[in-house]
Amino acid sequence: MKLHIQTLFVAVGLGVKRNWHIFLAIILGVIFGNYIHDNQTFFVPFVKVLNIIGQAFIRIIQMVVIPLVCSAIVVGISSIGDSKQIGKFGKKMILYYGIITILAVSVGAALVLAIKPGIGVQEFISQSSALEIQNQVNNAIAEQKGQLGNLFLNMIPQNPLESLAKGEMIPIIFFALIFSLALSKVGEINRPVVSFFESVFAATMKITDWIMIFAAPGIFALTTVSVSSFGLGIFSTISKFFAIVFIGFCIQFFVIYPAMLKIFSKVPVGTFYTAIIEALLVAFGTASSSATLPLTIACCEKRGISHKVCSFVLPLGATLNMDGTALFQTVAVIFLTQAYGITLEPLQIIQIMVLALISSSTCAGIPGAGLITIALVLNGLGLTPQQLVEGFAFLFAIDRVVDMLRTTVNVASDATVAAIIADNENEVDYDLLNNTEQYKEII
Ligand code: ASP
């Protein structure tokens, strides 16, 4: 394969300095956003301009996602060649993504059942769910009805070009996987197509490099606009609910992932998280695992996780593995049942956890998607239609901040699983991973 890791270094050009710029952009965005929230009228035009800058940043990263996913999968799978090895990767991926998400819903359920944040907040929920949001919510609930049945059929594209045009990630990945597998079986005749996709991959990485020059202003704009819409005061009004979701995310991030890295691999936890920090910051700023995917791939590959593993595990993870979302959905649904005085049987709690697991995997890696698919989990728990709409609208109002956090968790877990599988399959270049000198040279 022509794609050397050195090329990726240059192409992606990640550096410690840029991490600090993005980090600073987030802090400044929070401060400015909160200030604007308190002085709204004066800053309306300013927010409009920032919104355009932020949206432009997200759109331009999203622009490379589909060519990147297709080319990464084709290059990765055709370079694996051996379908037994692909099967091994696939089984491990399902196993580890499964473990991580089951742990996430268990952590979420344990916290919300132990602390019971929903008790006594019914009135607050009713008051805080504005009418215009309730209308949007009604539409979202209607859209989700019947989705579960079509879940598996929707994975298979009738026309891959139509799926490409519509940006439907799961059908695109499904087709790309089968197409690449077939390519790997047809011998030398596959060279022109594989070379073509190698070039596409290199070019999309180059574009990612260019885009990342604007990461700090883009993330500043996104954070400012988000915080200006809710203001930091929101944390006091939703304090208990938010605290539980936040603690759950911290347990995943600081306990479960490091423990999994330690138990299932010899990847050094601190070094690995330092390597992917830029992807995590972008995930926080954009609230989109899909938009962050180019960065997640770049961060992992540049520090020695092989292209074979990254190209297979990360695009699938960015679409199917949403453990942060599953944790949030479990907490949110049990919280609402507590608020409306519904006592859950143990079987219903398990039902919520299983549905959260399924519905999180069906949600796209875009902002707010995890809130929309929550409608699947809320079904059949005995909430009246009015309660359903009110509860959903309450979550809607506070979703952006929770989304930024859960996306960071989602991306961290994709990278963690990629690192574990790479270690298990001897696909980690430990010299590169542990070599901080080389990292510094790139700056
Ligand atoms: N925004 C999340 C992501 O892209 C999905 C969600 O809304 O939970 O990972």
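By convention here, the first residue in the shown sequence is residue 1. Keep in mind that this is a model prediction, so the values were computed, not measured. Whatever order the structure lists ligands and atoms in, that order sets their numbers, starting from 1. Worth knowing before you read on, the calculation uses all heavy atoms, side chains too, and leaves out hydrogens, waters and symmetry mates.
- Residue Cys363 places no N or O, backbone or side chain, under 3.5 Å from any N or O of ligand 1.
- Residue-level proximity to ligand 1 for Ile366 is carried by the backbone, the only part with a heavy atom below 4.0 angstrom.
- Using cut-offs of 30° and 60° for the angle between ring planes, the Phe241 and Phe335 rings count as tilted.
- Between Ala364 and ligand 1, not a single N/O pair is under 3.5 Å apart.
- Interface atoms of ligand 1 facing Ser288, defined by a heavy-atom separation under 4.0 Å, are 4 (O).
- Within a 6.0 Å radius of CZ in Phe32, no more than 12 heavy atoms belonging to other residues, nucleotides or ligands are found.
- If you check which protein heavy atom lies closest to atom 1 (N) of ligand 1, you get Asp403 OD1, 2.7 Å.
- From the protein, the heavy atom lying nearest to atom 2 (C) of ligand 1 is Thr407 OG1, 3.3 Å.
- For atom 4 (O) of ligand 1, the nearest non-hydrogen atom of the protein is Ser289 N, 2.8 Å.
- Near Ala369, the atoms of ligand 1 lying under 4.0 angstrom from a non-hydrogen atom of the residue are 7 (O).
- In this structure, Phe312 and Phe89 have tilted ring planes: the angle between them lies in the 30° to 60° band.
- Looking only at protein heavy atoms, the nearest one to atom 7 (O) of ligand 1 is Gly370 N, 2.7 Å.
- Here is the list of ligand 1 atoms found below 4.0 Å of a heavy atom in Thr325: 5 (C), 6 (C), 8 (O).
- Of all the atoms in ligand 1, the ones that sit under 4.0 Å from a non-hydrogen atom of Met322 are 9 (O).
- In this structure, Phe23 and Trp20 have perpendicular ring planes: the angle between them is above 60°, well past the 30° mark.
- Shortest non-hydrogen contact noted between Gly370 and Thr325 is CA-CG2, 3.6 Å.
- With salt bridges taken as basic N to acidic carboxylate O contacts below 4.0 Å, none links Arg400 and Asp403.
- When each atom of ligand 1 is checked for a heavy atom of Gly368 under 4.0 Å away, the hits are 7 (O).
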Does Ser360 form a side chain to side chain donor-acceptor pair (under 3.5 Å) with Gln329? I'd like the steps, not just the answer.
CA-CA 8 Å; Ser360 67; Gln329 292 186 336; 5.0 Å; no
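- With Asp414 as reference, Leu314 is the one residue of Leu314, Leu316, Asp323 to meet the side chain to side chain contact (heavy atoms under 4.5 Å, CB included) rule.
- Ion pairing between Glu425 and Lys92 holds under the 4.0 Å rule for side-chain N and carboxylate O.
- Ligand-side atoms of ligand 1 in range of Ala287: 1 (N), 4 (O), range being under 4.0 angstrom from any heavy atom.
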